[in-house]
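Shown next, in structure tokens, is the structure this report addresses.
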Amino acid sequence: MSIKNFFKLKFIITYSIIFSPYDKIYAIDLLEAWEATKLHSKEYKVLYHEREIIRAQAKQEQSIIFPKLSVDINYQNNLNRNDQSPKTDINTNKENGWDIELSQALFNPSAWYQYIKAKISIQQSEIEFRKKEEELLSRLSKIYFNILTIKKNILLANLTKYTYSKQLEQARSMFRLGKLTIIDTYDVQSKIDAENIQITTLENELNIAEKEFKNLTGISNIDIKDLKRNKLYFKRNEDSLDFWLKLADDNNQEIKSLNLLIEREKNNIKSAKSSYFPTLTLTVGYQNKKHVQDNWLKKFGGNPYKENYQGAYISLNFNMIIYQGGVTFNKVREAIERLAQAKDSLDINKNKIHLMIEELFLRIKSAITKLHAQEKLLQ
């Protein structure tokens, strides 16, 4: 969305909220309505926050493969008295120092596959966001076209009412001349009454639809633009059913989500098998700590007890699970079954989507053929 359109939508939304009782009308098309929905709709914002929460959680899980750096600073001073000789038997225990430590897993397949799983979760959150975004857009589109249809039906009903009004005038004139009966005028009047009822019903439906539109977009007092006729036709490269099937395979969010699910289950198999392998972790650090224990009585002849810990250290930790009752074997088995299930689900959903596209494709082609035939008749 351009900067100009962004500020235009912000102005329209602000104007509608503050000055909605007035009758100034702004024309808006479906794309502008969608941009307004993304700016105003709480539902859209909830979807956005949900995606960002999942991303943040995944980033936390990915941190497992990175090194860990920690610093510890300690100071402690304990003063202990003997209850029997509180003035003479006093013992002090002092500790202070600091420690800095860096640890890194040198070999940990499970951590790596957890990193890959988190990466897939980020991709899945984006697909789920797009999927729900499309559902919201579909809802907006239905409301949008519903408003257009109702307005056209109101216009048609008013034109029909106008025609009946002219017929009523003629019927009354003919009645005065004795060429028609009063029943004929009542018949025409009943048709006008029926159109009035129809117009009232349509206006109520329009009011409800416009409220739904405002709830999503934040815009009221608007005039919805109709689509241009040339947008109803297929382009030449879009005439093939194979084109639309491939487009669905590449862009349908459900198919993309299931493909990612398959990738995740493949990664889970590798993650489960990683329990057969050991882990190796390196830790390096430096410490500077002091410990002093001083008894009050020793000040007359003894020395306090002192300890100093200062210097670098390094450790290498090797860990390997030898046996845990078949847990790893059954984890691998579960992951394999889940992968098979995901593949079958992908095939089922692909077939459903392809059948739906074929049906819609044939219906649209049939409608366009009828439209061309009507155009030829009008010419």
Side-chain angles (χ1 to χ4, degrees), residues 43-44 46-66 105 107-139 141 240-279 320-321 323-362:
E43 292 181 51
Y44 185 85
V46 167
L47 297 179
Y48 174 82
H49 294 316
E50 184 180 357
R51 180 189 66 177
E52 293 307 306
I53 289 170
I54 295 173
R55 282 183 170 184
Q57 290 173 342
K59 290 295 183 181
Q60 294 174 48
E61 293 175 2
Q62 286 182 321
S63 65
I64 193 171
I65 68 168
F66 298 108
F107 183 77
N108 191 342
S110 179
W112 173 251
Y113 293 125
Q114 182 176 328
Y115 174 86
I116 299 298
K117 182 180 179 181
K119 187 176 179 180
I120 294 173
S121 294
I122 293 174
Q123 294 174 316
Q124 284 182 317
S125 71
E126 183 64 28
I127 289 174
E128 191 64 24
F129 173 75
R130 296 301 173 192
K131 181 181 174 182
K132 292 180 179 178
E133 187 183 52
E134 288 177 1
E135 291 173 358
L136 188 60
L137 175 58
S138 175
R139 226 174 83 206
S141 301
S240 168
L241 176 60
D242 292 336
F243 169 84
W244 293 102
L245 294 176
K246 186 178 183 305
L247 196 67
D249 290 343
D250 294 339
N251 297 282
N252 182 272
Q253 301 303 330
E254 187 67 27
I255 291 176
K256 290 167 75 173
S257 178
L258 288 168
N259 279 324
L260 266 182
L261 179 61
I262 289 173
E263 291 303 314
R264 190 183 72 179
E265 296 305 336
K266 287 179 180 178
N267 182 73
N268 286 343
I269 293 174
K270 295 177 182 178
S271 178
K273 289 181 178 179
S274 68
S275 297
Y276 290 124
F277 299 96
T279 61
M320 184 173 183
I321 298 172
Y323 179 74
Q324 52 181 349
V327 172
T328 301
F329 172 80
N330 285 290
K331 279 185 177 180
V332 173
R333 181 184 172 189
E334 178 188 352
I336 291 172
E337 293 299 329
R338 288 186 180 277
L339 175 60
Q341 183 186 42
K343 287 181 177 179
D344 290 339
S345 296
L346 176 63
D347 291 338
I348 291 169
N349 280 273
K350 259 191 175 182
N351 289 335
K352 287 181 179 178
I353 291 168
H354 284 188
L355 286 173
M356 182 180 67
I357 290 172
E358 288 176 20
E359 180 184 352
L360 290 172
F361 180 82
L362 293 174

Identify the two heavy atoms, one from [X] and one from [Y], that lie closest to each other, and give their separation to 0.1 Å.
| X | Y | answer |
| --- | --- | --- |
| F277 | P109 | CB-CG, 4.2 Å |
| I54 | S125 | CG2-CB, 3.6 Å |
| E133 | Y44 | OE2-OH, 3.1 Å |
| I65 | A111 | CG2-O, 3.5 Å |
| A248 | I357 | CB-CD1, 3.2 Å |
| L136 | E43 | CD1-OE1, 3.8 Å |

If I take atom [atom1] from residue [X] and atom [atom2] from residue [Y], how far apart are they, to the nearest 0.5 angstrom?
| X | Y | atom1 | atom2 | value |
| --- | --- | --- | --- | --- |
| I53 | Q57 | CD1 | CD | 7.0 Å |
| N259 | Q123 | CG | CD | 11.5 Å |
| I353 | W244 | CD1 | CH2 | 15.0 Å |
| K273 | K331 | NZ | NZ | 15.0 Å |
| R130 | I127 | CZ | CD1 | 10.5 Å |
| T279 | I321 | OG1 | CD1 | 8.5 Å |

Next on the checklist: Determine whether I262 and L258 satisfy the following criterion, side chain to side chain contact (heavy atoms under 4.5 Å, CB included), listing intermediate values before the conclusion.
Outcome noted: CA-CA 6 Å; I262 289 173; L258 288 168; 5.7 Å; no

So, [X] and [Y], do they make that salt bridge, N to O below 4.0 Å?
| X | Y | answer |
| --- | --- | --- |
| E135 | R139 | no |
| D250 | K246 | yes |
| R51 | E128 | no |
| E52 | R55 | yes |

Checking [X] side chain against [Y] main chain: does a donor-acceptor pair fall under 3.5 Å?
| X | Y | answer |
| --- | --- | --- |
| N268 | A335 | no |
| S138 | E134 | no |
| N251 | L247 | yes |
| S274 | S271 | yes |
| S121 | K117 | yes |

Checklist entry - Going by heavy atoms in the side chains, are F361 and F243 under 4.5 Å from each other? => result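 No, side chains not in contact.
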
Item to check | Any R264 side-chain heavy atom under 4.5 Å of L261 side chain | outcome: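 When only atoms from C-beta onward are counted, L261 and R264 do touch, with a gap below 4.5 Å.
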
Next on the checklist: For a quick check under 3.5 Å, do E61 and Y115 share a side-chain donor-acceptor pair by atom type?
Outcome noted: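 Note: E61 and Y115 side chains miss the donor-acceptor criterion.
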
Item to check | Q253 side chain to S257 side chain, donor-acceptor N/O pair below 3.5 angstrom | outcome: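 Side-chain D/A pair, Q253 to S257: absent.
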
If you look only at distance, which donor and acceptor atoms sit under 3.5 Å apart when one is on a side chain in residues 340-352 and the other is two or more places apart or in another chain?
from, atom 1, to, atom 2, distance (Å)
S345, OG, Q341, O, 3.0
N349, ND2, S345, O, 2.8
N351, ND2, D347, O, 3.2

Checklist entry - With sequence neighbours excluded, what pairs up with K132 under the side chain to side chain donor-acceptor pair (under 3.5 Å) test? => result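 Checked K132 against side chain to side chain donor-acceptor pair (under 3.5 Å); matches are E50.
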
Checklist entry - Yes or no on side chain to side chain donor-acceptor pair (under 3.5 Å) for S110 and Q114, after CA distance, side-chain angles and deciding distance? => result CA-CA 6 Å; S110 179; Q114 182 176 328; 5.5 Å; no

Next on the checklist: Let's go through Q62 and K59 carefully: what are the C-alpha distance in whole Å and the side-chain angles of both, what is the deciding distance for side chain to side chain contact (heavy atoms under 4.5 Å, CB included) to 0.1 Å, and is it a yes or a no?
Outcome noted: CA-CA 5 Å; Q62 286 182 321; K59 290 295 183 181; 3.4 Å; yes

Checklist entry - If you draw a 6.0 Å radius around CZ in F107, do more than 12 non-hydrogen atoms from other residues or ligands fall strictly inside? => result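 Enclosed.
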
